[in-house]
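Worksheet for the structure shown next.
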Amino acid sequence: ELAKLGNARAQVLRICRAELDRSAHPAEAIGQHGQNSLEQMTRASQKHWACKSGCGMCCYEPVTITEPEAIYIAQVLRDNMTDQQVTDAIGELRKHVDITGEIPDRHRWLRLRVRCPFLTEGNACAIYDARPMNCRAHNSLKVSDCELSVENPDYSVRTDVGAHHAYGAITCGMQDAIFERGLKLRPMEFGSALLCALETPDAGARWQAGEDVFGNCAPAVPTWKPAT
């Protein structure tokens with residue numbers, strides 16, 4: 001398992017280096033590659049997960065994201081939404097940031113039942129194909145655990161920890177390549193970072209040039225600790 005994770009980190013490092021060297025839009029390419037890599041690494045184990053469309057219980061958890069993913073998701077939204085839909089999404093994200101800006105920790109976040117701005121009325125993800133890696137790694141082996149965690153945020157959900165390890169390995173590979181170039185990579189709260197990326201159309205180019213585009217975004221809220 002450790003060798004597999006080490007190989008994944010090294011592969012992501014090589015690919016991210018190449019994207020930074022030759023891609024016209026390296027942030028978007030790195031964000032997409034990270035998501036695709038995690039999907040591939042967890043595909044076999046997903047058959048054991050209790051996660052199903054229409055559940056949505058985990059969509060009240062705080063989500064962590066970094067600069068390349070925020071830039072990539074923002075570009076996906078621009079490519080697949082009308083101008084009005086993008087404007088509406090920005091409006092929802094602003095509401096989300098207004099609500100979450102003063103929340104100090106995950107426990108308070110869950111007590112307030114802060115809903116993801118992309119969770120539909122049918123409890124489906126409106127950006128499922130481009131959802132953050134943090135969401136892709138989040139899983140449960142028992143629906144009953146999820147139900148208990150809604151009632152008690154301190155309850156530890158039994159989970160496939162391999163998915164979290166894969167998420168960590170991929171993130172470390174991205175970090176290795178990005179830090180080599182002196183660029184920023186920090187954990188941020190999803191809604192705050194995506195709002196910045198959507199309101200800054202040239203965020204990718206400015207990030208690549210070394211500008212601290214996301215400097216005013218909210219930091220990541222410490223997330224759940226899986227049960228072992």
Side-chain angles (χ1 to χ4, degrees), residues 1-52 58 61-76 125 127-142 145 156-190 193-194 197 204 207-208 210 214 219-228:
E1 179 67 20
L2 287 175
K4 179 181 176 182
L5 294 171
N7 289 337
R9 177 174 179 170
Q11 182 179 17
V12 170
L13 169 60
R14 289 193 299 271
I15 291 173
C16 290
R17 279 173 173 164
E19 296 294 356
L20 287 164
D21 283 338
R22 62 173 181 254
S23 175
H25 304 285
E28 292 91 329
I30 291 171
Q32 182 179 26
H33 176 70
Q35 292 187 0
N36 291 344
S37 296
L38 183 56
E39 197 67 27
Q40 291 168 7
M41 289 184 70
T42 59
R43 188 166 292 143
S45 61
Q46 287 178 20
K47 62 186 178 183
H48 303 295
W49 298 359
C51 309
K52 304 291 181 185
C58 65
E61 287 273 355
V63 174
T64 298
I65 197 171
T66 59
E67 287 90 340
E69 262 202 296
I71 293 165
Y72 168 62
I73 295 172
Q75 190 57 54
V76 170
C125 177
I127 60 167
Y128 186 80
D129 289 341
R131 68 197 186 283
M133 287 194 290
N134 193 183
C135 299
R136 293 169 191 267
H138 195 110
N139 68 87
S140 170
L141 300 177
K142 294 277 187 180
D145 280 2
S156 292
V157 175
R158 282 167 285 187
T159 183
D160 170 19
V161 295
H164 299 277
H165 293 160
Y167 173 35
I170 291 166
T171 301
C172 284
M174 293 168 59
Q175 176 179 282
D176 293 342
I178 288 167
F179 283 2
E180 282 180 355
R181 307 302 171 90
L183 300 176
K184 300 289 186 182
L185 189 80
R186 83 197 82 191
M188 298 174 287
E189 193 279 313
F190 168 60
L194 184 56
W207 173 82
Q208 185 183 359
F214 295 85
V221 178
T223 53
W224 71 327
K225 182 179 180 181
T228 56

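Count residues from 1 along the sequence.
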Checking side-chain contact (heavy atoms from CB on, under 4.5 Å) for the pair W49/T159: CA distance, chi angles, key distance, verdict?
CA-CA 8 Å; W49 298 359; T159 183; over 6 Å; no

Show your working on side-chain contact (heavy atoms from CB on, under 4.5 Å) between L183 and L20 and close with a plain yes or no.
CA-CA 11 Å; L183 300 176; L20 287 164; 4.0 Å; yes

Checking F214 against M188 for the side-chain contact (heavy atoms from CB on, under 4.5 Å) test, could you report, in this order, the C-alpha distance in whole Å, the side-chain angles of both residues, the deciding distance, and whether it holds?
CA-CA 9 Å; F214 295 85; M188 298 174 287; 3.5 Å; yes

Please lay out, stage by stage, how I73 and R131 fare under the test side-chain contact (heavy atoms from CB on, under 4.5 Å).
CA-CA 8 Å; I73 295 172; R131 68 197 186 283; over 6 Å; no

Please test D160 against K47 for salt bridge (charged side-chain N to carboxylate O under 4.0 Å, His left out), starting from the C-alpha separation and ending with a verdict.
CA-CA 11 Å; D160 170 19; K47 62 186 178 183; over 6 Å; no

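Not one N or O on the side chain of W207 forms a donor-acceptor pair closer than 3.5 Å with the backbone of P68. The closest donor-acceptor contact from the side chain of T171 to the backbone of G168 lies at 3.5 Å or more, if one exists at all. The backbone N or O of A130 lies less than 3.5 Å from a partner atom in the side chain of Q35, making a donor-acceptor pair. A donor-acceptor pair under 3.5 Å links the side-chain atoms of E67 to the main chain of R186, judged by distance alone.
Residue Y128 qualifies as open at atom OH: its count of foreign heavy atoms under 6.0 Å is 12 or below.
No side-chain N or O of E69 forms a donor-acceptor pair with one of Q32 less than 3.5 Å apart. Looking only at atom types and distance, the side chain of D145 has no donor-acceptor partner in the side chain of S140 under 3.5 Å away.
A distance of 8.5 Å separates CD1 of I65 from CE of M133, quoted to the nearest 0.5 Å. Here the straight-line distance linking atom CD1 of I170 with atom CD of Q175 works out to 13.5 Å at 0.5 Å rounding. Here the NE2-NE2 distance, from H164 to H138, works out to 7.0 Å after rounding to the nearest 0.5 Å.
The side-chain heavy atoms of Y167 and R136, taken from C-beta on, include no pair separated by under 4.5 Å. In this structure the side chain of F190 never reaches within 4.5 angstrom of the side chain of P62, judged on heavy atoms. Taking the side chain as every heavy atom from C-beta outward, E180 and L13 approach each other to under 4.5 Å.
Ion pairing of E19 with R14 is absent here, as no side-chain N (NZ or NE/NH1/NH2) approaches a carboxylate O to less than 4.0 Å.
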